[in-house]
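These notes concern the structure reproduced below.
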Amino acid sequence: MAKLEIKIYPDPALRKKARQAGKVGNDERKLAYDMIETMRSSNGVGLAAPQVGISKRIIVVEDMVGNNKIALTLINPKITQKKGKVKFCEGCLSLPGVSSDVIRPEFITVEALNLDGDMFKINAEGLLARIIQHETDHLDGILFVDKIGFLKRKKIIKQFGAKVCMEF
Ligand code: NI
């Protein structure tokens, strides 16, 4: 496994819509393992391939089962159901030092391929639902700061300097 370089805002890779992953093979598995290592060594709880400059619809998320962390890989994830609304404080490895409350659906159903190329379905709530939605957004070039109020966004933008204001 290797640690990959995380793209930091305003890197254009973060704004591109990622391509569908075709057949799940060794390249996809290696990428997923490297992404898991990168996520964990950065103390993150999720990572999307565009954040390491790869235009592929692959995300890794950390699931907590009791005190154990289990890294899940979702290939071509598709959120098929959303329910409820909840506020939760989010951050992003591509926007270091920034966090904000974001309102999103509380319960989701997501379908994806696993590392064997088999389809699976998860009904998620709480932190896991939150992470999956945040990471799936990355695949469409969407950042969490796109989902908050204008004034709050303006304040966050200041941390990244006036130069990037117009791009949010
Ligand atoms: Ni993020």
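In each ligand, atom 1 is the first atom listed, and ligand 1 is the first ligand listed. Remember, it's a predicted structure, so these values are computed and weren't measured experimentally.
With Phe88 as the partner, the side-chain contact (heavy atoms from CB on, under 4.5 Å) test is satisfied by one option alone out of Val102, Ile131, Leu127: Leu127.
Atom CD of Gln20 is surrounded by more than 12 heavy atoms from other residues, nucleotides or ligands within 6.0 Å.
Not a single side-chain hydrogen bond (donor to acceptor under 3.5 Å, both in side chains) links Asp116 to another residue, sequence neighbours left out.
Other members of a hydrophobic cluster containing Ile142 are absent, since no ILVMFWY side chain comes under 4.5 Å of it, directly or through relayed contacts.
How far CD1 of Ile36 is from CG of Leu47: 10.0 Å, rounded to the nearest 0.5 Å.
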List, one per line, each side-chain donor-acceptor pair under 3.5 Å for residues 72-86, sequence neighbours excluded.
residue : atom : partner : partner atom : Å
Asn76   : OD1  : Ala21   : N            : 2.8
Asn76   : ND2  : Ala21   : O            : 2.9
Thr80   : OG1  : Thr109  : O            : 3.4

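Distances from the Ni ion (ligand 1) under 2.8 Å pick out these protein N/O/S atoms: Cys92 SG, His134 NE2, His138 NE2.
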